[in-house]
Amino acid sequence: MSPSLKAVYRPFGLLASVLAGALSGAVFKQVWKRVADEDDAPGALQSEYGMREVVLAAAVQGALFGATKAVIDRAGARGFTKLTGNWPGD
């Protein structure tokens with residue numbers, strides 16, 4: 001792929017990352033509400049939660065973010081390929 005096409009894709013990739021972060025945060029919040037019956041997940045510096053709860057919440061949040069980002073990045077790459085005929089990672 002030409003350097004100019006890579007430059008064109010870069011803003012789309014950045015936007016996709018921001019969208020993935022926002023979407024995964026919203027999904028995690030809903031999952032946590034249903035699983036833990038609490039509005040907010042425990043933070044690392046909140047003393048009222050044990051280590052297991054804090055690490056579990058972080059692991060679930062990380063997994064959801066990774067999966068959401070992969071789905072959005074892949075969809076963006078496919079759309080870019082349909083428009084330009086070039087895969088952005090090549």
Side-chain angles (χ1 to χ4, degrees):
M1 184 165 67
S2 72
S4 60
L5 277 178
K6 284 185 180 186
V8 168
Y9 180 73
R10 184 164 282 148
F12 292 107
L14 181 60
L15 181 61
S17 292
V18 170
L19 179 62
L23 183 61
S24 66
V27 169
F28 174 70
K29 190 168 185 127
Q30 292 302 313
V31 167
W32 192 260
K33 273 185 184 179
R34 292 199 173 120
V35 170
D37 200 28
E38 295 180 9
D39 286 338
D40 294 319
L45 300 178
Q46 292 177 302
S47 63
E48 63 269 21
Y49 296 102
M51 179 68 84
R52 184 196 290 168
E53 292 170 301
V54 170
V55 172
L56 177 63
V60 170
Q61 188 173 24
L64 282 171
F65 175 76
T68 303
K69 185 169 177 0
V71 167
I72 290 175
D73 284 348
R74 192 70 177 191
R78 284 182 168 177
F80 185 80
T81 300
K82 284 184 181 183
L83 288 173
T84 67
N86 293 298
W87 187 259
D90 293 342

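Since we're looking at a predicted model, the values are computed, not measured.
- The two residues Thr81 and Asn86 have their closest heavy-atom pair at OG1-O, 3.3 Å.
- Residues Glu38 and Tyr49 approach most closely at OE1-OH, 3.0 Å, considering heavy atoms.
- Nearest heavy-atom pair across Lys69 and Ala20 is CA-CB, 3.6 Å.
- In terms of hydrophobic clustering, with Ile, Leu, Val, Met, Phe, Trp and Tyr side chains grouped at heavy-atom distances under 4.5 Å, Phe28 and Val35 are assigned to a common cluster.
- Considering only heavy atoms from C-beta on, Asp40 comes within 4.5 Å of Lys29 through its side chain.
- Here the straight-line distance linking atom CG of Asp73 with atom OG of Ser17 works out to 5.0 Å at 0.5 Å rounding.
- Summarising the geometry, atom CZ belonging to Arg78 is positioned 8.0 Å from atom NZ belonging to Lys82; distances are rounded to the nearest 0.5 Å.
- The nearest pair of heavy atoms linking Pro42 to Trp32 is CD-CZ2, 3.3 Å.
- Open room surrounds CZ on Phe12; 12 or fewer heavy atoms of other groups in view lie less than 6.0 Å from it.
- Using cut-offs of 30° and 60° on the angle between ring planes, the pair Tyr9 and Phe80 is perpendicular.
- In the hydrophobic cluster analysis, where Ile, Leu, Val, Met, Phe, Trp and Tyr join through side-chain heavy atoms closer than 4.5 angstrom, Val27 is grouped together with Leu56.
- Scanning both residues, Ser24 and Gly21, for their nearest heavy atoms gives OG-O, 3.2 Å.
- The shortest heavy-atom contact between Val54 and Gly43 is CG2-O, 3.6 Å.
- Leu5 contributes atom CG, which lies 5.5 Å from atom OG1 of Thr84 (distance to the nearest 0.5 angstrom).
- To the nearest 0.5 Å, atom CD1 of residue Ile72 and atom CG of residue Leu19 are 4.0 Å apart.
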